[in-house]
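Working notes for the structure below.
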Amino acid sequence: MESPRSLPTGLATALVFVASGAALVLEIVALRLVGPYVGVTLQVSSSVIGVSLAAIAYGTWLGGRLADKLDPRRLLAPALLLAAIATAVTLPLVRWGGELLRGGAAAAVLLLAALAVFLPMLLLSTITPLTVKLQLSDLSRTGAVVGRLSSVGTLGGITATLGTGFIFVAAMPSSWIVLTTAGLLAVAGFALGWYLRRSPGVTAEGKPRTRAALVTIGLVGAGLGAAAPTPCDVETAYHCARVDADPQVPGGRTLLLNSARHSYVDLDDPTHLEFAYVQWLGALIDAQKTSGAPLDALHLGGGGFTVPQYIEAMRPGSDQLVLELDGGLVDLDKKELGLRTSPQLRVRVGDARVGLAAQADAAYDVVVGDAFGHLVVPWHLATREMAADIARVLRPGGLYAQNVIDYPPNRFIRAELATVADVFPHVALIAPKEALAGETGSNFVIVAAAQPLPLEEIRLHLDLVDEPVELVSGAALDAFVDDARVLTDDYAPVDQLLAG
């Protein structure tokens, strides 16, 4: 039988399940909260996971120490209430702190991750050891009690992980998820406190003023969270997205994803290409086949659909397929950026590599690679195996153009060039002279084909872009690539290469 001073098994199980589940909800949502300020990279993910594990470790240790020194019944409800408050204030901490810590510096990433998850996860992690102590009324059952509650905590984390990833993120904004979690923790804390004060043989102390203060702090935290500035117009399943109007151009619109300028669209003139790298892509398209002839084009990544709409305007009758991971972004493009799909301009929502594998051999004249996770090409789209599949779907005279962002000392672009050159016999690179010299970060556009590239034709079109740019090939390109290692599905440290 359970001791009258122990928690009922059902209540103990529910406490551990809820606390562990709430912690995993916060860990997953934290990646979306910090992304607009420091990006969504392997380092950011590692920071959030590492800080979360540190909070769990310290919280479990602290909960165990407190359980041995104080009556755990007096601590459980306050721990839940304090976790609710810490969860609610996460939003203002991250959103105001994010403006100060914006960028990708390691210290900024770690600090912002700590603001997002450390305190609420530490408090939630105290629940399990406090609950275990109250369940250990019979020392002969220690192993069974600890094993059961540990298992329940794991199940709570799994349930929350799947629920957040598959349901909550698609159903509501991150701020709502955070505030809803805070509200549920607060309700659980007050309900537990009420139960403990009224259960025979189980007492818990709590002063009305203290409870009122906790309620006030929680409400203030929730209010600050709701009022905290957000960099998003729309929060899709993958991006914090915003569309800004260009004050100088009536139809000009800039698409920002996670606060980075991603695409520019002129609603009145689809042939207007604002960004330099998009002008380079336009030059490559203009040099492909007979001028004005329709193209069969495959786009890996849609963004603002600037290039697909350029091809549609410049080469009527072209048949195009865009593989875009983010369906919410496609909806935003239709609403704000003038995207109109048709049988000649189709969109398939899903992963670009999976979509590429479903395409027929020798089906396209052009493949444009412009898929990014913040500033990084997703690693699985940057490997030799990916390049080989692109070569498979290109016709003999087809062209592959890939947009890459890199910074000095240009480790990623060199590795990606080595990777593409391992598949395509003819490769060239478009970039500003300063970026090639390792003096500044920039976009780079890789050009690849199975047959010799029309370099002179490409140069003629590049001469028409707004700013001077270099077209590098042959021995000069080999010297630039140097001894860079080919990226494969087994080895593609894209984030680390980009970080230099």
Side-chain angles (χ1 to χ4, degrees), residues 7 11-30 32-33 48 51-52 55-56 58-60 62-63 66-67 70 72-97 114-131 153 156-157 159-161 163-164 168 172-197 204-228:
L7 285 181
L11 177 58
T13 300
L15 274 175
V16 172
F17 185 92
V18 168
S20 299
L24 265 295
V25 169
L26 294 177
E27 181 177 350
I28 294 172
V29 175
R32 302 180 64 79
L33 294 180
V48 170
V51 169
S52 299
I56 292 171
Y58 283 115
T60 304
L62 178 62
L66 292 175
L70 302 170
R73 294 166 297 174
R74 297 173 55 188
L75 301 176
L76 278 171
L80 284 172
L81 292 173
L82 288 172
I85 294 169
T87 299
V89 300
T90 288
L91 287 176
L93 284 175
V94 170
R95 287 178 173 169
W96 282 314
L115 291 175
V117 296
F118 187 81
L119 186 56
M121 290 195 72
L122 182 145
L123 291 165
L124 289 168
S125 298
T126 65
I127 300 298
T128 296
L130 292 173
T131 305
T159 302
T161 299
T164 305
F168 302 147
M172 63 181 76
S174 297
S175 56
W176 292 15
I177 297 175
V178 171
L179 293 177
T180 300
T181 302
L184 292 175
L185 289 174
V187 170
F190 281 115
L192 180 62
W194 175 86
Y195 171 82
L196 291 176
R197 287 194 302 274
E205 297 180 7
K207 297 180 180 180
R209 289 184 179 179
T210 302
R211 295 196 296 272
L214 289 174
V215 172
T216 301
I217 294 172
L219 290 174
V220 170
L224 289 173

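In this structure, Ala114 and Val51 approach most closely via the heavy-atom pair CA-CG1, 3.7 Å. Across Pro129 and Thr60, no two heavy atoms sit closer than the pair CG-O, 3.5 Å. A pairwise comparison of heavy atoms in Ala160 and Gly21 identifies CB-O, 3.0 Å as the closest pair. Scanning all heavy atoms of the two residues, the minimum distance from Val117 to Glu27 falls at CG1-CA, 4.3 Å. Here the closest heavy-atom approach between residue Ala88 and residue Ala182 is recorded as N-CB, 3.8 Å. The shortest heavy-atom contact between Val48 and Ala30 is CG1-CB, 4.0 Å.
Atom CG of Leu115 is separated from atom CZ of Arg95 by 14.0 Å, given to the nearest 0.5 angstrom. With values rounded to the nearest 0.5 angstrom, Arg32 atom CZ is found 7.5 Å from Ile177 atom CD1. Of the inter-residue distances, the one linking Leu192 atom CG with Arg73 atom CZ reads 12.0 Å to the nearest 0.5 angstrom. Distance OG1/Thr131 to CG/Leu76: 5.0 Å, rounded to 0.5 Å. Ile85 CD1 to Leu185 CG: the interatomic distance, rounded to the nearest 0.5 Å, is 11.0 Å.
Residue pairs that meet the side-chain hydrogen bond (donor to acceptor under 3.5 Å, both in side chains) test with at least one member in residues 79-92, sequence neighbours left out, do not exist here.
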#### Entry: Test log, rule side chain to side chain contact (heavy atoms under 4.5 Å, CB included), inputs Leu124 and Leu26
CA-CA 11 Å; Leu124 289 168; Leu26 294 177; 4.1 Å; yes
### Task
Could you go through the side chain to side chain contact (heavy atoms under 4.5 Å, CB included) check for Phe190 and Leu80 one step at a time?
CA-CA 8 Å; Phe190 281 115; Leu80 284 172; over 6 Å; no
### Message
Could you go through Val178 and Val25, starting from their C-alpha distance and side-chain angles, then the distance that decides it, and tell me whether this counts as side chain to side chain contact (heavy atoms under 4.5 Å, CB included)?
### Response
CA-CA 8 Å; Val178 171; Val25 169; over 6 Å; no
#### Entry: Trp176/Phe168 under side chain to side chain contact (heavy atoms under 4.5 Å, CB included): CA gap, chis, key distance, verdict
CA-CA 9 Å; Trp176 292 15; Phe168 302 147; over 6 Å; no
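A 4.5 Å side-chain heavy-atom check between Thr161 and Ile28 finds at least one atom pair inside the cut-off. Using a 4.5 Å heavy-atom cutoff, the side chains of Leu62 and Leu122 are in contact.
Judged by distance alone, the side chain of Thr128 and the main-chain N or O of Ser125 form no donor-acceptor pair under 3.5 Å.
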